[in-house]
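We use all heavy atoms of the structure for the numbers below, so side chains are in, but hydrogens, waters and symmetry mates are not. Every chain is numbered from 1 and lettered A, B, ... according to where its sequence line falls, protein lines coming before strand lines.
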Protein chains: 2
Amino acid sequence: MNKASDQTITSEISEKLINAIVNGEIAPGSKLSEPKLAQQFNISRGPLREAIRRLEGLNLVYHVPREGVKVVTLELKEIIEIYHVREALEGLAAGLAARNMEQKEIDELHKLLELHEQYIDDNGEYFRQEGDFDFHYKIIQGSKNQLLIKQLCHELYHLVRMFRYQTRKLKSRTQQALIEHKQLVNAIEQRDEQLAELLMRRHISRARENIESKWQENET
Amino acid sequence: MNKASDQTITSEISEKLINAIVNGEIAPGSKLSEPKLAQQFNISRGPLREAIRRLEGLNLVYHVPREGVKVVTLELKEIIEIYHVREALEGLAAGLAARNMEQKEIDELHKLLELHEQYIDDNGEYFRQEGDFDFHYKIIQGSKNQLLIKQLCHELYHLVRMFRYQTRKLKSRTQQALIEHKQLVNAIEQRDEQLAELLMRRHISRARENIESKWQENET
DNA sequence: TATTCATATTTTGTCGACAATAAGGTGTTT
DNA sequence: AAACACCTTATTGTCGACAAAATATGAATA
């Protein structure tokens, strides 16, 4: 179960903190108290501080010297910035995936499309959260660019998950997303790099526009 | 002089280590020994380890649990990955710069172009290293996207500088770069986002192709 | 000479402690 | 009642120490 915790407390605590922040158990804007967390996890402050330094690199918390560490807050401004970066990076990923993905991996994409379709019919829950992530993760992996994979799956996506969790009650555009996903898989299967990049960028760009317009409503 | 060191040893050591790695004082592939570094800097291992965790997030070192931390090595594979990511992110930056840069900032770009031109005439040294970075940094800053600025200026560019340092004897394509920089500033000044993005991507893409072909020569 | 095994040394991961700074609480003055 | 100053408490930044694991050393064997 503890796949990524590499035997060291720092890693283990890193993951726990990431999860706690991403799904709001530790509230956005709140301060991380070292003594409290150390006691809570039953560890000393050494590895805890190292874990926090790691979270800093993931942009989940920020550090004010001699004051402490606070969880980031995601306002519309931040969300737009995240989605702009995501659009650029995942566009690249889709293009590279069209070049480098193996047929076996493309088959798995098709399976995910089926699940997605089923979700819409059944009105299930899976695809509204995890399923979409699975789909995007698989394409990113298909790029075979290790740096890109790290920056997206192990950095930016924590922020995306955090945002999605905060807005989990809002209904997402699952129907339209399925159509766009299908086009995307098609382009990848045709090994059309440029089209794959364009479609992915448009897909994410539309998601951002959707967020922007919905944000207005909920604000007023 | 110590602008970024925010009063804490961890920050100070981080910067020193970054510089030492980027300009090869600590060799690529070599191991970072905690006791030796701690003694060398005259600090305890606590803040040193936190500084190293930070470098991990910058992709300058990687960590093998219970073995130690090693400096990354940049082979052609890594360089290509870096330049692919750079192309995507800096393309975005250029597009946003065309949208968000103030005239004052654009004027500064013109000044850098003049310096660049002068360099070619004088056969000077400045633009072959720092000048080019200044130019790109300024455009990235012009994007006004804080996340993007951090990912490029404070993360990816350390790797780019490290690579450039390793290949500093090789002559760069300064002449051609000037032409491309001029076009780019033009597009930004015209507020043509799409063109600015395209030109930046092509600029970086060509740099990558240049590297790829030269790498072959030096290998054999 | 090369290889294996046992021992000694170094290094990593973790802990608890201390000083300096920041935060919080109390009482006094206006 | 609000503002200020003072004192107490809590937290951060840093250090040195210890155990377990990994590496290096060297002897013994094939």
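Atom CD in B:Glu12 sits roughly 9 Å away from atom P in D:dT14 (whole-Å rounding). Rounded to an integer number of Å, the gap from B:Arg54 CZ to D:dG13 P is 13 Å. In this entry the distance linking CD of A:Glu34 with C1' of C:dA22 reads 14 Å, nearest Å. In this structure, A:Phe41 atom CZ and C:dG13 atom C1' are separated by 18 Å, rounded to whole Å. Taking atom CD of residue B:Glu67 and atom C1' of nucleotide D:dT23, one finds them 10 Å apart after rounding to whole Å. Between the CD atom of B:Glu50 and the P atom of C:dT12 there is a distance of 16 Å, given to the nearest Å. The separation between A:Leu48 atom CG and D:dT11 atom P is 13 Å, rounded to whole Å. In this structure, B:Gln7 places its CD atom 15 Å from P of C:dA20, rounding to the nearest Å.
Comparing C:dC15, D:dT23, D:dG13 by their nearest atom to the side chain of A:His63 picks out D:dG13. Of the candidate nucleotides C:dG13, C:dC15, D:dG13, C:dG13 has the atom lying nearest to any side-chain atom of B:Arg45. Checked against C:dA23, D:dC15, C:dT11, the side chain of B:Ile43 finds its nearest nucleotide in D:dC15. Closest contact between the side chain of A:Ile9 and the listed nucleotides C:dT14, D:dT11, D:dT14 involves C:dT14.
Mapped onto DNA chain C by nearest heavy atom, A:Gly46 and B:Pro35 fall at different nucleotides, with B:Pro35 at the one closer to the 5' end. Between B:Lys31 and B:Ser44, the residue whose closest nucleotide on DNA chain D is further toward the 5' end is B:Ser44.
OP1 or OP2 of C:dG13 has not a single side-chain nitrogen or oxygen of B:Arg66 nearer than 4.0 Å. Proximity of A:Thr10 to the phosphate of C:dT14: a side-chain N or O atom is located under 4.0 Å from OP1 or OP2. In terms of phosphate contacts, B:Thr8 brings a side-chain nitrogen or oxygen within less than 4.0 Å of OP1 or OP2 of D:dT14. At C:dG13, one or more side-chain N or O atoms of B:Arg49 fall inside 4.0 Å of OP1 or OP2 (strictly under the cut-off).
Using modelled atom types, no side-chain atom of B:Glu50 and backbone atom of A:Arg49 make a donor-acceptor pair closer than 3.5 Å. Remark: the backbone N or O of A:Tyr83 is not paired with any side-chain donor or acceptor of A:Arg86 at under 3.5 angstrom.
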Exercise for the section: Evaluate side chain to side chain donor-acceptor pair (under 3.5 Å) for A:Glu15 paired with A:Asn19, printing each intermediate quantity in order. Expected result: CA-CA 6 Å; A:Glu15 285 180 38; A:Asn19 288 329; 5.6 Å; no
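Side-chain polar atoms of B:Ser205 and B:Arg208 form a donor-acceptor pair below 3.5 angstrom.
B:Leu32 comes within 4.0 angstrom of the backbone, heavy atoms only, and of no base.
Between B:Arg53 and B:Glu56, at least one side-chain nitrogen of the basic residue sits less than 4.0 Å from a carboxylate oxygen of the acidic one, meeting the salt-bridge criterion.
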